[in-house]
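Bear in mind that the values here come from a model prediction, so they are computed numbers and not experimental data.
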Amino acid sequence: MNILDKIIVDKRREVILKKSIIPVSQLEASVFFEKKTISLSDNLRKSTSGIIAEHKRRSPSKAEINYSFTVEEVTKGYENAGACGISVLTDGKYFGGSLDDLLLARATVNIPLLRKEFIVDEYQILEAKAHGADLILLIAAVLTRDEIKSLSEFAKSLELEVLLEVHNQEELEKSIMPTLDMIGVNNRNLKTFEVSLDFSKQLAAQIPDDFVKVSESGISSIEAINELKPFGYKGFLIGENFMKTDNAGKAAKEFISKL
């Protein structure tokens, strides 16, 4: 069983437990159900930098990245740096995140927030909406076509945008549907953790222009972004590169101004 399979087994258990404690009616009572969401896909289309900056304390591939900042410091720093949107990891066991991080980010900034999570159930999409997210991530590697369809339709019914993550041609082919807004290519193989920009380059031509193209993981230089832009990429998700410094906002600001 690879790490991704392990995460999904744990996630399904976690969702069952959460459902037993917090009813859907309580999530739907959140003030955010009335709030208009902010579009990341619009921001990316208009932006010259396309940076989606990530709040991430640790990951399975890098035990600890950074625990020394508050969510407010990081997200405010990213917003001031000119990021198009912010990705907030909400998985606890493997990434050291939580839904509270999303809530604190929402209280701090007024740019699009992505709930970065391993979504396997509509309940998690309700949680995302209730904690102030503007969009969700769906990972093609762990979902069937029917699941992608039903989960993305449910997200759209809550006015949330959908970023679908793929890693190869097969995942992309099974996933293309009108309820997606953005398609992200993960340059990290989630099964082996090997990273290569070639994944983004090879899949670019297969992604229809109706979707905003996003490249995720392993982007640590201006050169990498300049290499990917001719392939039609408008969004670039960067986490570790900023979080591993002693001031994530400042690192993002310097990176974006160089772009």
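- Residues L103 and I22 do not share a hydrophobic cluster, defined by chaining ILVMFWY side chains whose heavy atoms lie under 4.5 Å apart.
- The 12-atom threshold is exceeded at NZ of K174, counting heavy atoms of other residues, nucleotides or ligands nearer than 6.0 Å.
- With hydrophobic clusters built from ILVMFWY side chains whose heavy atoms lie under 4.5 angstrom apart, L158 shares a cluster with L164.
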| message | Between T179 and E153, does the side chain to side chain donor-acceptor pair (under 3.5 Å) criterion hold? Intermediate values first, please. | response | CA-CA 6 Å; T179 40; E153 283 173 355; 5.3 Å; no
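- Residue I111 is not grouped with residue L104 when hydrophobic side chains (ILVMFWY) are merged at heavy-atom distances under 4.5 angstrom, including chains of intermediate members.
- Side chains of R58 and Y94: no donor on one and acceptor on the other come within 3.5 Å.
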| task | Take L114 and I86 through the side-chain contact (heavy atoms from CB on, under 4.5 Å) test and state the conclusion after the steps. | result | CA-CA 6 Å; L114 163 69; I86 298 172; over 6 Å; no
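- Between K250 and E254, at least one side-chain N (NZ, or NE/NH1/NH2) sits under 4.0 Å from a carboxylate O, which counts as a salt bridge.
- The 12-atom threshold is exceeded at CG of D198, counting heavy atoms of other residues, nucleotides or ligands nearer than 6.0 Å.
- Note on Y123: it clusters hydrophobically with F154, by side-chain heavy-atom contacts below 4.5 Å among ILVMFWY residues.
- Put simply, the residue from K19, R12, K11 that forms a salt bridge (charged side-chain N to carboxylate O under 4.0 Å, His left out) with D121 is K19.
- Scored by the ring pair (Phe, Tyr, Trp, His ring centres under 6.0 Å) test, F211 finds no partners at all (sequence neighbours excluded).
- Scanning all heavy atoms of the two residues, the minimum distance from L102 to A128 falls at CD2-O, 4.1 Å.
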| Are R106 and D134 close enough, and set up right, to give a side-chain contact (heavy atoms from CB on, under 4.5 Å), and what steps lead you there? | CA-CA 10 Å; R106 179 73 298 153; D134 298 291; 2.7 Å; yes
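- Heavy-atom minimum distance, P112 versus N43: CD-ND2, 3.4 Å.
- Between R57 and E64, none of the side-chain N atoms (NZ, or NE/NH1/NH2) sits under 4.0 Å from a carboxylate O, so this pair counts as no salt bridge.
- For CD of E28, the number of neighbouring non-hydrogen atoms (other residues, nucleotides, ligands) closer than 6.0 Å is greater than 12.
- Atom CG of L228 sits about 5.5 Å away from atom OG of S200, to the nearest 0.5 Å.
- With respect to the salt-bridge test (charged N to carboxylate O, under 4.0 angstrom), the residues R13 and D10 qualify.
- To the nearest 0.5 Å, atom OG of residue S49 and atom CG of residue L44 are 8.5 Å apart.
- Panel note: side chain Y78, backbone E54; a donor-acceptor pair is recorded below 3.5 Å.
- Taking every heavy atom of both residues into account, I7 and P60 meet most closely at CD1-CG, 4.4 Å.
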| field | Derivation and outcome, side chain to side chain donor-acceptor pair (under 3.5 Å), residues E240 and S59 | value | CA-CA 9 Å; E240 204 176 298; S59 75; 4.7 Å; no
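- Pairing each heavy atom of S39 with each of E161, the nearest pair is OG-OE2, 2.9 Å.
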| query | Run the salt bridge (Lys or Arg N to Asp or Glu O under 4.0 Å) check on E227 and K201 step by step: do they pass? | reply | CA-CA 9 Å; E227 224 178 285; K201 292 176 186 173; 2.3 Å; yes
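- Checked by atom type, the side-chain pair N66/S68 shows a donor-acceptor distance below 3.5 Å.
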| query | Can you check side chain to side chain donor-acceptor pair (under 3.5 Å) on E117 and T90, steps first, answer last? | reply | CA-CA 6 Å; E117 181 56 271; T90 61; 2.8 Å; yes
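- The hydrophobic cluster containing V166 also contains V142, counting ILVMFWY residues as joined when their side-chain heavy atoms lie under 4.5 angstrom apart, directly or transitively.
- Across every non-hydrogen atom of K234 and V212, the tightest pair is CB-CG1, 3.8 Å.
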| request: Let me see the working for V74 and E79 under side-chain contact (heavy atoms from CB on, under 4.5 Å), right down to the final yes or no. | output: CA-CA 9 Å; V74 174; E79 183 178 46; over 6 Å; no
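- E127 and K18 are joined by a salt bridge, as a carboxylate oxygen and a charged side-chain nitrogen come within less than 4.0 angstrom of each other.
- F199 and H167 have tilted rings, their planes meeting at an angle from 30° to 60° on a 0 to 90° scale.
- When the options I51, N187, L137, I52 are evaluated for a side-chain contact (heavy atoms from CB on, under 4.5 Å) with L237, the one that passes is I52.
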| said: What verdict does the side chain to side chain donor-acceptor pair (under 3.5 Å) test give for S217 and N186, after you've listed the backbone C-alpha separation in whole Å, the side-chain angles of each residue and the deciding distance to 0.1 Å? | reply: CA-CA 6 Å; S217 295; N186 193 342; 2.9 Å; yes
| Going through the distances and angles, do S98 and D101 end up as a side-chain contact (heavy atoms from CB on, under 4.5 Å)? | CA-CA 5 Å; S98 73; D101 290 345; 3.7 Å; yes
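- A salt bridge between K129 and E159 is absent, with no side-chain N of the basic residue lying under 4.0 Å from a carboxylate O of the acidic one.
- Atom CG of N226 sits in a crowded spot, with more than 12 heavy atoms from other residues, nucleotides or ligands closer than 6.0 Å.
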